[in-house]
Amino acid sequence: MKRKKISEIISSQLFGTEVLVKGWVRTKRGNKQINFVALNDGSTIHNLQIVIEVDKFEESDLKRVVTGASISIKGKLFESMGSGQNIELHASELLIIGECDVNEYPLQPKKHSLEFLREIAHLRFRTSTFSAIARIRHSMIYAVHHFFSSKGFVNIHTPIITSSDAEGAGEMFRVTTLDLEKLPRNEVGLVDYSKDFFGKSTNLTVSGQLEGELAAMALSDIYTFGPTFRAENSNTSRHLAEFWMIEPEMAFYELEDNMDLAEEFLKYLIKYALDNCNDDLQFLSKRLIEEESGKKVEERAMELMQKLNFVLINEFERLTYSEAIKILKNCKANKNGQFKYVIEGFGSDLQSEHERYLVEKHFKKPVILTDYPKSIKAFYMKQNDDGETVRAMDILFPQIGEIVGGSQREENYEKLIARMKEVNIPVNEMWWYLDTRRFGSVPHSGFGLGFERFMLFVTGMNNIRDVIPFPRTPLNANF
Ligand code: 4AD
Ligand code: MG
């Protein structure tokens, strides 16, 4: 008999039919006559209730049906009288596939803290919370590809090992095969990278954008969805050293078009989650309510479904950085010293506390800020005529702060090269990037969505370490 997944059994409601299921035991309870086993196979948040009449089975087998063990069960499906489920499987055959030593198994049938579960990330998929997040993450990956594919965008794999620093921020992990104990040196004593694997110094990419731009200059609309690496030493609940980013790049798009696409994209993903991940979202919503119940009413996060719908129905507020600075400079929080970083005026970089103030307190909806000072943005952004600002756009979300960063790109060869020289980007090494501005240059724009930041938002989780299976953060690269 072919194994059936629990998701299919629960949705099909095939009462009276015989099925074979396989999975892991979540809990077992009961008495001398009858045992109830909650079985989960990861296909759904729901467990299948297995009813076992004790005298039909070997005692030695039943003893091995414990939390964590993997089992195979054949039996008939019945309508359930018990609360909590409407279908149950009455077992006729039972096979222990893999035993589990309950004294050693760290996942007891009780609530574990997220901190503890991070230490056993190899097992945390077996909890309801982490399997729900994994399924939602999968659905969101699928929705990303679906969204762009349906609009005729071409997915481009950009390199993971590069020799350029796309963001010019210098937060890179070096890639080398040189022997760190015996580094080759040149005449002036510097490390001689001509002896390295690629004959030059290389690093893990911080963004696929620059290569994405090359492809957009022929294919018009492209997107990348790849891992990116940043060696910024920020141990926050919003930063990872390895994260996934979606970066569309569109020829003939100006900043307005870019904002429209980003807003449509985010709303599409949220709608997709609401339409396709309902059971998992309902579970996470209940989880969040429990979590927040300890807090004061005014400090509690918005209920998850409500929050998702809220973003869906509201138009994002669009304003310039300078307008935002005026609001922030004059707000009570700034004057009373409630912000950790005081907003002095034009030129101040926005921290997530400021971004969240604008979104959560002032506008009470997602915000798109444009036209940032060039001094706090990357070299490739299109320069405005004022000589001070660039055509940047950041999208700010409740709970998260910056979720998207993007811009219209500088398509003018002279202006781009001048800016690169100003901020010490090695112009010679970037000849290939500059070539696009020499051969049929066009206005173009793009943005980057941090996938884990988005996952934080859609799952209502609070720490970015909990929405990627195996987080990489400073001093942590386990598993
Ligand atoms: O704003 P960023 O640095 O922009 C870029 O990399 C551009 N090349 C994107 C583009 O225009 N194609 O990063 C984009 C997004 C941020 O808004 C944030 O959501 C996420 O990537 N991000 C991080 N997510 C997790 N951990 C980190 N350390 C992150 N750094 C950025
Ligand atoms: Mg940014």
Side-chain angles (χ1 to χ4, degrees), residues 140 144 148 153 156 158 162 164-173 204-216 221-250 253 255 258-259 261-262 265-266 269 321 349-352 354-356 359 366-370 372-373 376-382 390-397 399-410 433 444-458 461 463-468 471-474 476:
M140 292 296 92
V144 166
F148 286 116
F153 281 58
I156 299 290
T158 49
T162 73
S164 68
D165 177 1
E167 289 303 298
E171 293 156 336
M172 298 175 301
F173 289 100
L204 293 177
T205 187
V206 294
S207 156
Q209 178 195 322
L210 302 192
E211 289 88 355
E213 282 187 54
L214 309 180
D221 299 328
I222 66 93
Y223 70 106
T224 72
F225 189 168
T228 43
F229 307 87
R230 295 199 185 172
E232 39 189 343
N233 202 1
S234 18
N235 226 331
T236 78
S237 56
R238 309 273 177 277
H239 288 87
L240 289 166
E242 176 180 296
F243 64 99
W244 290 71
M245 195 171 13
I246 298 126
E247 296 185 274
E249 192 70 36
M250 296 74 64
Y253 265 52
L255 193 66
N258 202 24
M259 288 193 277
L261 182 75
F265 176 46
L266 287 165
L269 293 183
Y321 162 91
D349 205 353
L350 299 187
Q351 306 295 329
S352 77
H354 309 124
E355 296 170 341
R356 292 183 60 177
V359 173
V367 169
I368 313 185
L369 291 188
T370 61
Y372 281 72
I376 57 172
K377 289 293 178 191
F379 70 93
Y380 51 69
M381 296 190 182
K382 185 174 174 65
V390 287
R391 297 298 271 159
M393 62 157 218
D394 276 7
I395 303 188
L396 317 179
F397 257 35
Q399 175 209 353
I400 311 290
E402 180 193 337
I403 197 162
V404 163
S407 73
Q408 185 168 340
R409 319 305 188 188
E410 183 54 75
Y433 182 68
H444 61 290
S445 303
F447 62 84
L449 169 66
F451 189 54
E452 284 76 20
R453 296 252 175 113
F454 179 76
M455 282 298 298
L456 275 178
F457 180 74
V458 86
M461 299 298 288
N463 195 312
I464 202 160
R465 292 164 180 78
D466 295 330
V467 294
I468 187 165
R472 265 74 186 112
T473 49
N476 172 38

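All heavy atoms count here, side chains included; hydrogens, waters and symmetry mates do not. Whatever order the structure lists them in is the order used to number ligands and atoms, beginning at 1.
- Side chain of Glu355 to main chain of Phe397: no donor-acceptor pair is present (N/O by atom type, distance under 3.5 Å, no hydrogens or angles).
- Put simply, the side chain of Thr205 never gets that close to the backbone of Thr162: no donor and acceptor are under 3.5 Å apart.
- With atom 6 (O) of ligand 1 as the reference point, the heavy atom nearest to it among Glu242, Gln209, Arg230, Glu247 is part of Arg230.
- Residue contacts with ligand 1 for His239 involve both N, CA, C or O and side-chain atoms from C-beta outward (heavy atoms, distance under 4.0 Å).
- Less than 4.0 angstrom separates some heavy atom of Glu232 from each of these atoms of ligand 1: 27 (C), 28 (N), 30 (N).
- With hydrogens left out, the protein atom closest to atom 4 (O) of ligand 1 is Glu167 OE1, 3.9 Å, a heavy atom.
- For Glu402, the N, O or S atom with the smallest separation from the Mg ion (ligand 2) is OE2.
- At least one heavy atom of Arg238 sits closer than 4.0 Å to an atom of ligand 1.
- Looking at Ser207 next to ligand 1, an N or O pair under 3.5 Å apart turns up.
- A tilted orientation is assigned to the rings of Phe148 and Phe153, their planes being inclined by 30° to 60°.
- Nearest protein heavy-atom contact of atom 1 (O) of ligand 1 is Glu402 OE2, 3.0 Å.
- Ligand 1 has Tyr380 within reach: a non-hydrogen atom of the residue lies less than 4.0 Å from it.
- For atom 14 (C) of ligand 1, the nearest non-hydrogen atom of the protein is Met245 SD, 3.4 Å.
- Under 4.0 Å from ligand 1, the heavy atoms of Phe243 that appear belong solely to its side chain.
- Note on ligand 1: Arg409 sits in its first shell, one or more heavy atoms being nearer than 4.0 Å.
- Using a 4.0 Å cutoff on heavy atoms, Glu452 does not count as a contact of ligand 1.
- Taking only nitrogen or oxygen atoms, main chain and side chain alike, Pro248 does not reach within less than 3.5 Å of ligand 1.
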